[in-house]
Amino acid sequence: MQQIQINSTQGIGMRQGVKCLVYGKAGAGKTTLGATAPKPFFISAEGGLLSLSRFNLPYTQIKTVTDLNNVLQWALFNPQARQFETIVIDSVSEVAETVLTNSKKTVKDGRLAYGDMQEKMAEVIRAYRDLPGFNVVMTAKMEYVKDDATGVMLNMASMPGKNLTRDLPYFFDEVFKLDIGVTTDGTNRKFRYLLTEPDFTNDAKDRSGRLAPMEEPHLGKLFAKINGQTN
């Protein structure tokens, strides 16, 4: 008789880590948001860590998919990585653009270069999404694009190539838009927030079902809510 291993979904986020995608326009504070994650380690592809200079946060610089895969192997097998709880890739959009540039150097047909980039990026995104024991945060640029399913124009995480832009949100259980609002109490103060549910103009989702439509931009607090550790 065939035997299978039966597991429980309870606490799965705590065991496997929360995997989320955060997008927003330039200057919204995506990099700084990464610093609010539990014990973060930054993988930087933008050289844009100046906003974190007041903190003492560890990071490594990457320029190729090979670099990104080397960091993945380090996270999987090097005990040194266990001092961290969250891997922050800032940003996955920039990584994909770098991969595309490298693909164009070796693949003369532009369409094939895009296909090569999309295949490599899909593989590495899945690998990080499935990284056990770590939270994984990927930041991305924002683009206003047409949703193929509904025909509606939406703000979405941006990647080079229409197919990768369309597919990127499906890799994640949590997709947040980092945005800036203005208070309505007469003070007109600006504040940052994370949109966790889709609306008429923005893509977002929360598969945990534990987040409010708008949340404080603090990943540590959000991860605790997702894992049922707080209300």
Side-chain angles (χ1 to χ4, degrees), residues 11-44 46 48-59 84-93 128-129 131 133-144 154-158 168-169 171-231:
I12 195 169
M14 296 179 66
R15 296 195 304 270
Q16 297 182 354
V18 177
K19 310 304 196 285
C20 71
L21 173 68
V22 180
Y23 73 96
K25 62 183 179 181
K30 298 184 295 294
T31 301
T32 305
L33 178 71
T36 68
K39 296 182 181 179
F41 178 82
F42 278 80
I43 301 172
S44 175
E46 292 189 330
L49 297 180
L50 182 61
S51 60
L52 300 181
S53 60
R54 64 185 184 276
F55 305 108
N56 182 20
L57 295 172
Y59 79 97
F84 307 109
E85 295 182 16
T86 307
I87 304 294
V88 182
I89 300 178
D90 186 48
S91 75
V92 69
S93 305
Y128 272 90
R129 179 200 62 188
L131 185 61
F134 290 93
N135 305 306
V136 176
V137 178
M138 297 191 191
T139 68
K141 299 176 182 179
M142 186 178 77
E143 186 177 0
Y144 193 55
L154 291 174
N155 290 313
M156 300 180 68
S158 174
L168 184 62
F171 289 107
F172 301 90
D173 287 331
E174 308 293 327
V175 178
F176 307 140
K177 181 193 178 188
L178 181 61
D179 212 340
I180 300 174
V182 179
T183 58
T184 58
D185 59 1
T187 61
N188 293 324
R189 289 176 299 163
K190 292 183 178 180
F191 65 95
R192 287 181 171 85
Y193 66 93
L194 285 170
L195 184 71
T196 70
E197 293 185 2
D199 58 24
F200 293 111
T201 57
N202 301 290
D203 182 41
K205 66 177 176 180
D206 165 38
R207 285 186 177 165
S208 77
R210 288 174 166 152
L211 300 181
M214 293 173 60
E215 287 280 358
E216 176 187 356
H218 191 289
L219 293 177
K221 294 179 181 179
L222 259 67
F223 292 172
K225 290 185 72 172
I226 289 169
N227 290 326
Q229 297 173 317
T230 183
N231 293 324

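In this structure, Asp185 contributes its side chain and Thr187 its backbone to a donor-acceptor pair below 3.5 Å. Judged by distance alone, the side chain of Ser158 and the main-chain N or O of Lys141 form no donor-acceptor pair under 3.5 Å. In this structure, the side chain of Thr196 does not engage the main chain of Asp206 through any donor-acceptor pair within 3.5 Å. Between the side chain of Thr183 and the main chain of Asn188, a donor-acceptor pair closer than 3.5 Å is present. The closest donor-acceptor contact from the side chain of Tyr23 to the backbone of Asp203 lies under 3.5 Å.
Rounding to the nearest 0.5 Å places CG of Leu21 at 9.0 Å from NZ of Lys205. Atoms OG and CG, from Ser93 and Leu168 in turn, are 7.5 Å apart once rounded to the nearest 0.5 Å. We find the OG1-CZ distance between Thr184 and Arg189 to be 10.0 Å, quoted to the nearest 0.5 Å. Rounding to the nearest 0.5 Å gives a distance of 7.5 Å between CZ of Phe223 and OG1 of Thr36. Atom CD1 of Ile89 and atom CD1 of Ile43 lie 4.5 Å apart (nearest 0.5 Å). Note that CG of Asp179 is 9.0 Å distant from CZ of Phe191, once rounded to the nearest 0.5 Å.
No side-chain heavy atom of Phe176 sits under 4.5 Å from any side-chain heavy atom of Leu33. Residues Ile226 and Val18 form a side-chain contact, since some pair of their non-hydrogen atoms from C-beta on lies under 4.5 Å apart. Looking only at side-chain heavy atoms (C-beta outward), Thr86 and Leu219 stay at 4.5 Å or farther from each other. The closest side-chain heavy-atom distance from Pro217 to Leu178 is below 4.5 Å. In this structure, Met142 and Lys177 have side chains that are in contact, with non-hydrogen atoms separated by less than 4.5 Å. Put simply, the side chain of Met138 does not reach to within 4.5 Å of the side chain of Phe171, judged on heavy atoms.
Nearest heavy atoms, Leu194 versus Leu222: CD1-CD2, 3.7 Å. Shortest non-hydrogen contact noted between Lys190 and Val182 is CG-CG2, 4.3 Å.
Side-chain contact annotation: Asp90 with Thr139, donor-acceptor N/O pair under 3.5 Å present.
Paired with Asp173 under the rule salt bridge (charged side-chain N to carboxylate O under 4.0 Å, His left out), one option of Arg129, Arg207, Lys19 passes, and it is Arg207.
By the neighbour-count criterion of 12 heavy atoms within 6.0 Å, atom NZ of Lys25 is sparsely surrounded, having that number or fewer from other residues, nucleotides or ligands.
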